[in-house]
Amino acid sequence: MSHLFESLTIKSVTLRNRIGVSPMCMYSSEDGVATDWHLVHLGARAAGGAGLIIAEATAVSPEGRISPGDAGIWADKHVEPLQRINRFVKAHGAVAGIQIAHAGRKASAARPWEKGGHLADDAGGWPVVGPSAVAFGGELSKVPQALTAQEIKGVQADFVAAAKRSLAAGYELLEIHAAHGYLLHQFLSPLSNGRVDEYGGLFENRARFLLETTRAVRAVWPEKLPLIVRISCTDWVAVGWDIEESVELAKRLKTEGVDLIDCSTGGGAHGAKVPIGPAYQVKFAERIRREAGISTAAVGLITEAKQADEIVRTGQADLVLLGRESLRDPNWPLHAAKQLGHSEAVKPPVQYARAF
Ligand SMILES: CCCCN1C=C(C(N)=O)CCC1
């Protein structure tokens, strides 16, 4: 059986261990451009021993940003700063991944430390789009413009262009963001998708936008490189997107050439009561891995070495992603290797040797 410090090969890419840094929005870009801050932030976690670094939700268009501070890859100018980061990440033994995203009706929001919530159009905000003219609610009360079929094609073209730029930027793993109540998730959920055309209604129609986008991205993303998708396995509400449809979706994504499902939850239903707790989302990764027969990543309050190792050893997921725990400790993988007796599996940088 595998354990946390066994390598993982997906297509032609081998991760040195089963630990990934989860894509986490840092809201610290100017016009989407990566800076020294991102080099230090992501580079430190590569030096800290993670097998995979997934760069934060990176917008496929300016209007697809959650906030004005979001990372972007909608223009060629974004590529070189990302190439520089990825050279460092790779030189320190990690695989560089990126999550490409469109926030849909959750776009045009202030940074969380600036109160979050939708920005008025005269306060740096912009009009938001979605499947239907249904607002998320609460602090995100802007009513989105329902995308026309033509505009849907435009957004799909933006995802394809983002995939091409991601390749040029040196990423070896690409993740499509279809979770957390953002645009692709908005189409999946009947709570946000009230369309009566081919993109709404039955499951097949609600899944169409994501499946078409995945197919188009797969066609330009090299066959030998992993393509993964993050979904919210449930919205934790009685009527909405749930695990049964997520299993079915995972099966279809597998036929579209997706290599792994990154199993998160929530974000699609305002006010949902989420039963947050240690490793609270892992059961969904296990179910999708078993019922859809596709590799999965587990994420969500995974904080301890033994806990993470257990997830991999028991076959609940192939990969564990650390979010806030990685913010707290970039060197978590180095500590975990020592705790679990795998110190030879991930070498600290020579400069750190006296500390580990
Ligand atoms: C439903 C959990 C949402 C957690 N967040 C996810 C983000 C994302 N980009 O997926 C950014 C804000 C926080």
Side-chain angles (χ1 to χ4, degrees), residues 20-29 32 34 38 41-42 53-74 97-119 128 130 136-140 159 162 174-189 191-192 210 228-237 240-243 246 261-282 284-285 297-302 321-327:
V21 175
S22 183
M24 287 178 280
C25 294
M26 293 291 123
Y27 311 105
S28 299
S29 301
H38 301 87
H41 168 61
L42 298 172
I53 309 284
I54 308 180
E56 65 188 88
T58 302
V60 299
S61 63
E63 62 277 8
R65 287 176 289 180
I66 300 167
S67 84
D70 281 34
I73 196 160
W74 67 77
I98 182 170
Q99 182 186 62
I100 55 176
H102 190 303
R105 68 179 183 175
K106 284 189 163 183
S108 181
R111 297 171 180 82
W113 58 86
E114 293 163 352
K115 262 179 38 43
H118 271 147
L119 289 163
V128 298
F136 177 72
E139 289 285 298
L140 298 173
F159 271 92
L174 183 65
E175 175 167 80
I176 294 171
H177 198 341
H180 298 164
Y182 298 112
L183 185 64
L184 294 169
H185 182 182
Q186 291 163 29
F187 271 81
L188 292 171
S189 169
L191 288 185
S192 36
L210 173 56
I228 77 173
V229 178
R230 171 168 280 189
I231 65 170
S232 284
C233 297
T234 181
D235 265 329
W236 303 103
V237 288
W241 180 259
D242 213 335
I243 182 60
S246 292
I261 305 293
D262 175 1
C263 299
S264 189
T265 70
H270 176 60
K273 295 277 165 288
V274 182
I276 289 179
Y280 70 108
Q281 299 178 144
V282 173
F284 300 110
V299 66
L301 282 188
I302 299 170
L321 299 180
L322 303 181
R324 283 159 289 185
E325 188 60 21
S326 177
L327 297 184

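Ligands are counted one by one from 1 in listed order, and the atoms in each one are counted from 1 as well. Since the structure is predicted, the reported quantities are computational estimates derived from the model, not experimental observations.
In summary, the side chains of Trp241 and Ser246 do present a donor paired with an acceptor at a separation below 3.5 Å, with no hydrogens or angles considered. With no hydrogens or angles considered, a side-chain donor-acceptor pair links Ser22 and Arg230 at under 3.5 Å.
Summarising the geometry, atom CZ belonging to Phe187 is positioned 11.0 Å from atom CG belonging to Leu210; distances are rounded to the nearest 0.5 Å.
The main-chain N or O of Gly267 is found under 3.5 Å from a side-chain atom of Lys106 such that the two form a donor-acceptor pair.
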Extract all N/O-N/O pairs under 3.5 Å that connect ligand 1 to the protein, and present each with both atom names and the distance rounded to 0.1 Å.
| residue | atom | partner | partner atom | Å |
| --- | --- | --- | --- | --- |
| ligand 1 | 10 (O) | His177 | NE2 | 2.8 |
| ligand 1 | 10 (O) | His180 | ND1 | 2.6 |

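Closest of all the heavy-atom pairs between Trp74 and Val60 is CB-O, 3.3 Å.
Listed by chain and number, the residues in a ring-ring contact (aromatic ring centres under 6.0 Å, His included) with His118 amount to none (sequence neighbours excluded).
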